[in-house]
Every structure is written in structure tokens, then in C-alpha cells.
Asks: 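Have a look at this one.
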Number of protein chains: 2
Amino acid sequence: MTQHNFHPEQNHLLRALPAEVQTRLFPHLKLFPLPLGKVLYESGDTMNHVYFPIDSIVSLLYVMLNGASAEISVVGKEGLVGVSLFMGGESTPSRAIVQSAGHAWQLSGARLKEEFNRHGDLLFLMLRYTQSLITQMAQTAVCNRHHAIDQQLCRWLLLSLDRLSGNQLTMTQELIANMLGVRREGVTEAASKLQKLGVIEYSRGKITVLDRPTLESLSCECYAVVRRETDRLLSYPVGPVLSPTFTA
Amino acid sequence: MTQHNFHPEQNHLLRALPAEVQTRLFPHLKLFPLPLGKVLYESGDTMNHVYFPIDSIVSLLYVMLNGASAEISVVGKEGLVGVSLFMGGESTPSRAIVQSAGHAWQLSGARLKEEFNRHGDLLFLMLRYTQSLITQMAQTAVCNRHHAIDQQLCRWLLLSLDRLSGNQLTMTQELIANMLGVRREGVTEAASKLQKLGVIEYSRGKITVLDRPTLESLSCECYAVVRRETDRLLSYPVGPVLSPTFTA
DNA sequence: ATATGTCTGTGCGATAGCGAACATAACCAC
DNA sequence: GTGGTTATGTTCGCTATCGCACAGACATAT
């Protein structure tokens with residue numbers, strides 16, 4: 001539990017960077033604790049830092065005027081929070097809120113941009129990651145339109161599990177409902193079905209996945225699409241994304 | 001109706017580029033007719049070109065395994081089709097389909113990337129535009145979850161109108177239903193309400209907006225959010241997006 | 001051990017949207 | 001014109017989800 005257990009490379013993006021970039025960047029990273037419910041940025045806030053989660057999950061959550069909410073995408077150890085910093089907008093109309101407590105590496109926007117101006121691997125890697133985020137958002141839109149709560153819960157559990165290690169989540173049904181943008185009772189019903197099937201087990205904010213294969217089979221196709229696309233986009237460690245055409 | 005009426009600067013992104021970049025890029029643009037229903041790329045296709053619409057609208061449409069569909073975002077004269085080409089993924093799990101016939105300027109991926117490798121204004125402009133697309137997708141996800149068909153139809157009409165000129169759309173209710181991911185009958189009902197209110201007028205695939213202010217007031221907040229954010233992100237003509245921090 | 005708050009389960013009636021089947025109405029080709 | 005096709009309108013029963021209200025179960029502090 002001491003900070004000595006943490007290392008930048010526990011975040012997949014940081015790990016994927018070539019040694020040269022790591023050497024420049026890592027000294028500027030600050031370990032940052034993320035307690036449950038902490039808001040990393042609010043809708044419209046000008047961002048000053050990006051965060052690379054390690055053992056935490058951060059939700060990008062959209063909150064409507066009437067208070068209703070829906071999750072746009074999830075970020076864990078595979079990604080970073082704050083893409084609009086380098087996309088150029090500096091802010092975005094959603095909230096980044098810690099959904100599963102843990103830690104992240106914090107990097108100042110200025111450092112990030114400095115490295116960006118070298119126009120190298122970091123830029124390309126970030127863009128690719130952003131595309132995987134885009135896929136997640138698109139899929140969320142479709143899923144919200146067409147799939148039943150039961151299926152969406154499965155998708156959500158799987159996405160969250162992938163972003164942590166282990167098979168346990170600390171998460172009340174109320175919170176899940178906020179993320180999915182549905183009633184708490186809807187989640188209760190769906191979860192209790194899964195428990196009866198022996199797929200999950202839960203009690204007072206702790207959810208354990210017992211049978212992941214079945215969970216996958218009960219999920220809508222959305223999980224698989226996001227998973228496959230994320231793997232595709234982020235598997236090649238780094239490599240200048242734009243170059244293939246030029247080597248021809 | 002001759003091609004002589006078209007000019008690259010009718011597309012807002014192309015217009016926003018500094019003269020120097022325009023000079024390099026414009027000679028490589030090819031005018032490309034976009035008939036209704038034309039598919040610019042299919043889910044998973046490797047893209048070879050990007051398209052800058054002028055007087056057409058292209059929908060990014062997600063089609064599920066069972067054939068149901070939902071629109072992820074809309075692209076018109078303010079944007080371009082094919083962001084995954086420069087985001088690094090080269091493909092994306094959605095279809096780009098022409099929703100309103102017209103024309104676009106076509107540019108080869110290789111040319112685009114060549115200009116990208118100069119790491120200048122084009123890159124930053126494209127990233128900003130991509131962020132506005134992200135906003136649109138996120139908002140679509142929320143809207144799909146929380147808003148009634150009536151409101152969504154208003155949002156959709158407004159978004160589409162903004163991407164064309166004039167107050168008329170050529171679009172059957174069946175097609176709109178595909179975009180919104182709802183039943184055709186649902187659109188019929190919503191549209192007939194609007195017609196009774198004198199907000200729109202339609203007949204066999206032609207829709208005319210008579211009272212835009214009322215249409216805006218009947219729409220959910222989603223239209224305004226997307227509109228505002230798009231304006232914000234793309235109003236600054238070009239300017240190196242990342243630089244402010246460095247000039248300090 | 002008791003009290004208090006949090007989490008989960010359940011049971012209503014209400015409703016928006018679905019799926020299917022069918023009716024009308026406009027346009028087009030010949 | 002006539003007949004065929006495409007677009008729109010209407011109805012009806014069905015289901016998932018909602019909104020609300022409340023009950024039990026568990027956890028923790030005092």
C-alpha cells in the first residue's frame with residue numbers, strides 16, 4: 001500500500017511509450033490518489049492536467065440540466081483522462097468522476113504539450129487512444145438506444161472489470177444506475193437475475209464476478225465491439241501511426 | 001449546377017486553413033458527387049480518402065448485428081468524413097452514408113498525412129474538429145437514453161439544417177427513423193405533431209422548417225450543447241491549438 | 001444493544017415505445 | 001387515364017421501463 005508499489009508502467013499508455021520519451025516524461029509524473037467520487041474536472045472546466053489511472057476507474061459522466069445522468073465512457077489503466085487538453089478544446093461538456101478508488105499519475109498540460117510539440121510517438125499514441133474512446137462513446141449511444149438493462153449491465157461490468165485487475169468491483173447499485181442512466185430498481189432486478197444464475201455475487205456495494213464467460217454471453221454485442229477495437233488500436237505498442245503510407 | 005459553382009472554401013474546415021496550407025492542399029482536391037444512400041466507407045473498411053462535404057450531409061451510422069441502426073453523428077459543410085484516417089486507426093466500426101445528396105471534396109489519405117507530417121495548422125484544426133465530433137457522439141448517447149422521440153426529432157432536424165443551407169430537407173420519415181434508431185411510426189407521430197403546430201411542413205420526403213425558433217424550443221438541450229460546443233471549437237479560424245501555453 | 005443510515009428487494013399503476021397489420025394517399029410509368 | 005410503387009397515417013395489444021412508496025437487511029457507531 002505504500003507508494004513504492006506504484007510505477008508509471010502500470011498504466012498501459014505510459015508503458016507503451018519508447019524509452020526515450022519515458023525518460024523525458026516520467027520525472028514529471030506525480031502520483032495522485034483518487035478517492036471514490038472525486039471529480040477530476042467538471043463540465044466546461046479548463047483542464048490543467050491529464051491523469052493516467054493505475055488501479056482506479058474514472059467515468060466520463062454527462063449530467064443533464066434536470067440532474068439525470070449517463071456515462072459516456074470509462075477510463076482505467078488502459079487510458080488517460082483529459083483528452084480535450086491535447087485535442088485542442090481545453091474543456092469538454094462532461095464530468096470526470098472517480099468510480100473506483102485508486103491512484104493515477106498526474107501530468108501537467110504544459111509538460112504534455114511540450115512533449116507533443118516534438119511531434120512524436122506521444123502524439124500518435126494519444127490520438128489512437130482517443131479513437132478507442134470515440135468507439136466507446138459511439139457504442140454507448142447505440143447501446144442506450146437498443147439494448148435492455150440486463151444486457152447493458154453485463155456490458156458495463158465487463159468494461160469495468162477490464163479496467164481493473166481481479167474480479168471484484170466496489171460499486172453500489174445506485175451508482176451503477178447513475179452510470180447507465182437508469183433507475184436503481186432496474187439495476188437491482190438485473191443484478192438479482194445474474195446472481196440467481198450464479199454469474200455474480202454481491203452485497204452492499206461489493207460485486208464479485210464468478211462466471212465471466214456466461215457474463216460475456218449475456219452481454220450485448222457492444223462489449224465485444226469496444227473490446228476488440230480497443231485491443232486493435234492499442235496493441236501495436238507505439239510506432240508512428242501515420243508512417244506506413246510513407247515508407248511505401 | 002455545373003462544377004464551376006463549387007469551391008473548396010465552401011467547406012468550413014478547408015476555408016479555415018491558412019493560405020499557405022491551402023496552396024499546397026487545394027490542387028489535390030477532387031470534386032466528388034455524393035448521391036443519396038452512397039456509402040463512403042463500411043464498418044471496418046480501411047479508408048483511403050477523406051471527404052469534405054459542401055452541400056451534402058453524411059451520417060455516421062452504426063448498424064448492429066440484427067440490422068437495427070443508430071446514427072452516431074452527422075457531418076456537413078462544417079466538417080469532414082474519415083477522422084480515423086488521421087487518428088491512427090485507419091478504420092472504425094461504423095458506416096458513413098450519404099443522407100442528403102450533394103458534393104464533397106475528396107482528398108487522398110496519403111496527401112493528408114503528408115501535410116500532417118509538417119505538423120502544422122492542418123493537424124490542429126482536424127483535432128479540434130474531432131473533438132466537436134466527440135461532443136456530438138456523447139450527446140447522442142445521452143439523448144438516446146433520456147429524451148422522447150418528439151424532442152429527438154427536433155434536435156435532429158436542427159442539426160441537419162445547420163449542416164446545409166436553406167430550410168428544406170429531402171428525407172423520408174423512414175430514413176429519419178433509421179438515424180434516430182426508432183420505429184418509422186414513431187417519427188410519423190412526432191412529425192405530425194410538429195406539422196399541426198405549424199413548425200414544419202412535409203410531404204413525401206420533403207421537409208420544410210417554417211418556424212425554427214419554436215423548433216428550437218421543442219428540442220431537448222442536446223442540440224444547444226452540440227451547437228455551442230461546435231461553435232466554440234471551430235470558431236477560431238485556425239491558430240496552432242497547442243501554442244498558447246508556449247507563448248507564455 | 002440500540003440507533004441510525006445505507007443498501008437492496010418488491011409491488012403497485014402509468015406510459016412511451018415496439019411490432020405487426022392494414023388503410024390511405026401521393027407520385028410515376030406507361 | 002390505370003396500375004404499381006413509395007410515403008404516410010392509424011390502430012391494437014404488448015413489454016420494458018419509469019416513478020413512487022415502502023419493507024427488510026446489513027453495517028457501524030455510540
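Here is the naming used below: chain letters follow the sequence lines, and residue numbers restart at 1 for every chain.
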Asks: Can you tell me how far P of D:dC18 sits from CG of A:Asn144, to the nearest Å?
Replies: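 Atom CG in A:Asn144 sits about 11 Å away from atom P in D:dC18.
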Asks: Quick check on B:Glu189: does its CD atom have over 12 non-hydrogen neighbours (other residues, nucleotides or ligands) under 6.0 Å away?
Replies: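 No, the 6.0 Å shell around CD holds no more than 12 heavy atoms from other groups.
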Asks: Rounding to an integer number of Å, can you tell me how far A:His147 NE2 sits from C:dG17 P?
Replies: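 Distance check: A:His147 NE2 to C:dG17 P gives 18 Å.
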Asks: Quickly work out the B:Leu180 CG to C:dC18 C1' distance and round it to whole Å.
Replies: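 Taking CG of B:Leu180 and C1' of C:dC18, I get 15 Å after rounding.
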Asks: Test for a donor-acceptor pair under 3.5 Å between the base of D:dT8 and the side chain of B:Arg204, counting only N and O atoms.
Replies: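 Such a pair does not exist between side chain and base.
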Asks: Rounded to the Å, how far apart are B:Glu174 CD and D:dT6 C1'?
Replies: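 Atom-to-atom, B:Glu174 to D:dT6, this comes out as 10 Å.
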Asks: To the nearest angstrom, how far is B:Ile176 atom CD1 from D:dA7 atom P?
Replies: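 After rounding, the reported distance stands at 12 Å.
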Asks: Return yes if the base of C:dG9 and the side-chain atoms of A:Arg184 contain a donor-acceptor N/O pair under 3.5 Å, otherwise no.
Replies: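 It does, because a donor-acceptor pair links the side chain of A:Arg184 to the base of C:dG9 below 3.5 Å.
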Asks: With a cut-off of less than 4.0 Å, is there a side-chain N or O of B:Tyr202 near OP1 or OP2 of D:dG9?
Replies: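 It does, given that an N or O in the side chain of B:Tyr202 lies less than 4.0 Å from OP1 or OP2 of D:dG9.
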Asks: Name the residue closer to the 5' end of DNA chain C, choosing between A:Gly205 and A:Arg145 according to the nucleotide with the nearest heavy atom.
Replies: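 Residue closer to the 5' terminus by nearest nucleotide: A:Gly205.
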Asks: Identify whether any heavy atom of A:Thr188 sits under 4.0 Å from a base atom; if not, whether one sits that close to sugar-phosphate; answer base, sugar-phosphate or nothing.
Replies: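 Here A:Thr188 touches the bases of the nucleic acid.
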Asks: Can you list everything that forms a salt bridge (Lys or Arg N to Asp or Glu O under 4.0 Å) with A:Asp55? Sequence neighbours excluded, please.
Replies: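 A:Asp55 satisfies salt bridge (Lys or Arg N to Asp or Glu O under 4.0 Å) with no other residue.
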Asks: Quick one: on DNA chain D, does B:Gln173 or B:Arg183 contact a more 5' nucleotide (nearest heavy atom)?
Replies: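 Its nucleotide being nearer the 5' end, the pick is B:Gln173.
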Asks: Going by atom types only, do B:Gln99 and B:Ser59 share a side-chain donor-acceptor pair under 3.5 Å?
Replies: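 Yes - a donor-acceptor pair under 3.5 Å links their side chains.
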Asks: Using whole Å, what does the distance between atom C1' of nucleotide C:dC7 and atom CD of A:Glu201 come to?
Replies: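 Going from CD in A:Glu201 over to C1' in C:dC7 covers 16 Å.
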Asks: Between D:dA27 atom C1' and A:Lys206 atom NZ, what is the distance in whole Å?
Replies: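 Whole-Å distance recorded here is 13 Å.
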Asks: When the nearest nucleotide of DNA chain D is assigned to B:Ala191 and to A:Ile149 on a heavy-atom basis, which residue is associated with the more 5' position?
Replies: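 This one resolves to B:Ala191.
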Asks: Using a 4.0 Å heavy-atom cut-off, does A:Glu185 contact any base of the nucleic acid, only the sugar-phosphate backbone, or nothing at all?
Replies: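 Base contact.
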Asks: Rounded to whole Å, please give me the gap between CD in B:Glu189 and C1' in C:dC18.
Replies: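 Result: 12 Å.
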Asks: Counting any heavy atom closer than 4.0 Å, what does B:Ala148 reach on the DNA or RNA strands: base, sugar-phosphate only, or nothing?
Replies: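 B:Ala148: backbone/sugar contact only, no base atoms under 4.0 Å.
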Asks: If I compare all heavy atoms of B:Pro8 with all of B:Trp105, which pair ends up nearest, and what's the gap?
Replies: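 Taking B:Pro8 first and B:Trp105 second, the nearest heavy atoms are CA-NE1, 3.4 Å.
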Asks: Quick one: NE2 on B:His49 to OH on B:Tyr41, what's the gap to the nearest 0.5 Å?
Replies: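 Between atom NE2 of B:His49 and atom OH of B:Tyr41 there are 14.5 Å.
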